[in-house]
Amino acid sequence: MKVHIRKIPDKAKEQVIIECVEVTPEITDIKAYVTRKGEELSGVTDGQRMMRFRLEDVYYFEALDEKVFAYTREQVCEVKMRLYEVEKRYENHHFVRCSKSVVMNLMLLEGISPALNGRFFAYMKNGEKLMISRQYAPKLKRIVMGGVDDEE
């Protein structure tokens, strides 16, 4: 595959053009990566400070006490969305639900391992360990392991 980069003077006219014979999952992943790159969110820290951060820096979103928090390497911020909105809005950006209260970023997933009772642990690149519940484990295994599913 050829790659061409051309510098232009106007940032507003930046674009990525993908020319392909067929739209494969890899092409779809490239599109998702490019569209997600640089997307910014805002949130409030526990010190009531308004912060801006990039979507690609979010390891996971977690719902606690009717609030949703975004976890990055440096900070935890409350965001003004419901967890189902986060899941729907960012599903094409490699975010996937892994439990009733967590939506994680697959691009920052280091690995998974079995736990008890059909659950799994997700090991994130920042060292955190998240529980993947039984309900979401088959879908997540299918995504991560490329089609492998115990239920088939």
Side-chain angles (χ1 to χ4, degrees), residues 1-112 120-130 132-133 135-149:
M1 178 182 299
K2 293 181 185 178
V3 176
H4 300 280
I5 298 175
R6 183 172 40 123
K7 291 182 84 173
I8 60 172
D10 188 359
K11 183 158 179 67
K13 292 183 179 182
E14 287 183 335
Q15 65 178 333
V16 173
I17 298 171
I18 301 172
E19 296 179 332
C20 58
V21 174
E22 182 181 344
V23 178
T24 63
E26 290 81 13
I27 297 294
T28 304
D29 285 348
I30 291 168
K31 178 186 176 204
Y33 177 80
V34 170
T35 55
R36 146 177 121 251
K37 202 74 173 153
E39 184 170 340
E40 285 195 342
L41 301 170
S42 60
V44 179
T45 65
D46 59 356
Q48 299 302 306
R49 207 169 138 208
M50 181 68 111
M51 300 294 291
R52 303 247 340 135
F53 51 94
R54 296 182 322 196
L55 176 63
E56 65 206 56
D57 293 336
V58 176
Y59 283 84
Y60 61 95
F61 292 92
E62 182 176 29
L64 296 168
D65 299 326
E66 308 262 335
K67 297 177 182 178
V68 175
F69 298 91
Y71 291 77
T72 68
R73 183 178 297 278
E74 295 84 25
Q75 62 203 11
V76 177
C77 292
E78 180 184 350
V79 293
K80 298 296 179 192
M81 285 187 273
R82 307 299 256 163
L83 198 61
Y84 72 88
E85 293 173 318
V86 167
E87 179 183 21
K88 188 71 176 157
R89 186 176 199 172
Y90 301 126
E91 68 185 345
N92 292 328
H93 300 290
H94 295 101
F95 281 83
V96 65
R97 177 83 68 128
C98 67
S99 71
K100 184 177 177 183
S101 61
V102 176
V103 172
M104 71 176 181
N105 183 350
L106 291 176
M107 299 305 287
L108 296 177
L109 175 68
E110 192 166 84
I112 60 174
F120 284 80
F121 287 119
Y123 297 92
M124 305 305 288
K125 290 183 179 178
N126 66 349
E128 289 197 55
K129 182 168 75 171
L130 304 174
I132 302 169
S133 69
Q135 179 182 354
Y136 299 99
K139 178 182 178 184
L140 196 64
K141 277 175 43 182
R142 205 171 35 253
I143 292 168
V144 172
M145 300 170 95
V148 176
D149 193 345

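The model shown is predicted, which means the values in this text are computed figures rather than measured ones. Along the sequence shown, the residues carry numbers beginning at 1.
- In this structure, M124 CE and L109 CG are separated by 5.5 Å, a value rounded to the nearest 0.5 Å.
- Closest approach of A122 to I112, counting heavy atoms only: CA-CG2, 4.1 Å.
- Distance check, rounded to the nearest 0.5 Å: CD1 of I18 to NZ of K31 gives 8.0 Å.
- Summarising the geometry of M50 relative to S42, their closest heavy-atom pair is SD-CB, 4.2 Å, with the distance given to 0.1 Å.
- Residues V96 and L140 meet the side-chain proximity criterion, which asks for heavy atoms closer than 4.5 Å.
- With rounding to the nearest 0.5 angstrom, the CD atom of E128 is 4.5 Å from the CG atom of N126.
- Closest heavy-atom contact between Y90 and L55: CD2-CD2, 3.5 Å.
- The number of heavy-atom neighbours closer than 6.0 Å to CG of D10, taken from other residues, nucleotides and ligands shown, is above 12.
- Distance check, rounded to the nearest 0.5 Å: CD of E14 to NZ of K7 gives 11.0 Å.
- Contact detail for Q135 and P138: the closest heavy-atom pair is O-CD, 4.0 Å.
- Going from atom NZ of K67 over to atom NZ of K80 covers 7.0 Å, rounded to the nearest 0.5 Å.
- Using a 4.5 Å cut-off on side-chain heavy atoms (C-beta onward), R73 and D57 make no contact.
- In this structure, the side chains of E66 and R82 come closer than 4.5 Å at one or more pairs of heavy atoms.
- A donor and an acceptor atom, one from each side chain of E22 and T24, are nowhere located under 3.5 Å apart.
- The side-chain heavy atoms of E78 and V68, taken from C-beta on, include no pair separated by under 4.5 Å.
- Listed here is the closest heavy atom pair of Y136 and K100: CE1-N, 3.9 Å.
- Residues V103 and L83 are in side-chain contact: their nearest non-hydrogen atoms beyond the backbone lie under 4.5 Å apart.
- R52 CZ: more than 12 foreign heavy atoms inside a 6.0 Å radius.
- With Y71 as the partner, the ring pair (Phe, Tyr, Trp, His ring centres under 6.0 Å) test is satisfied by one option alone out of Y60, Y59, F53, F61: Y60.
- Scanning all heavy atoms of the two residues, the minimum distance from M81 to R89 falls at SD-NH1, 3.5 Å.
- Each of V86, V58, T72 was evaluated against L41; a single residue qualifies, V58, per the side chain to side chain contact (heavy atoms under 4.5 Å, CB included) test.
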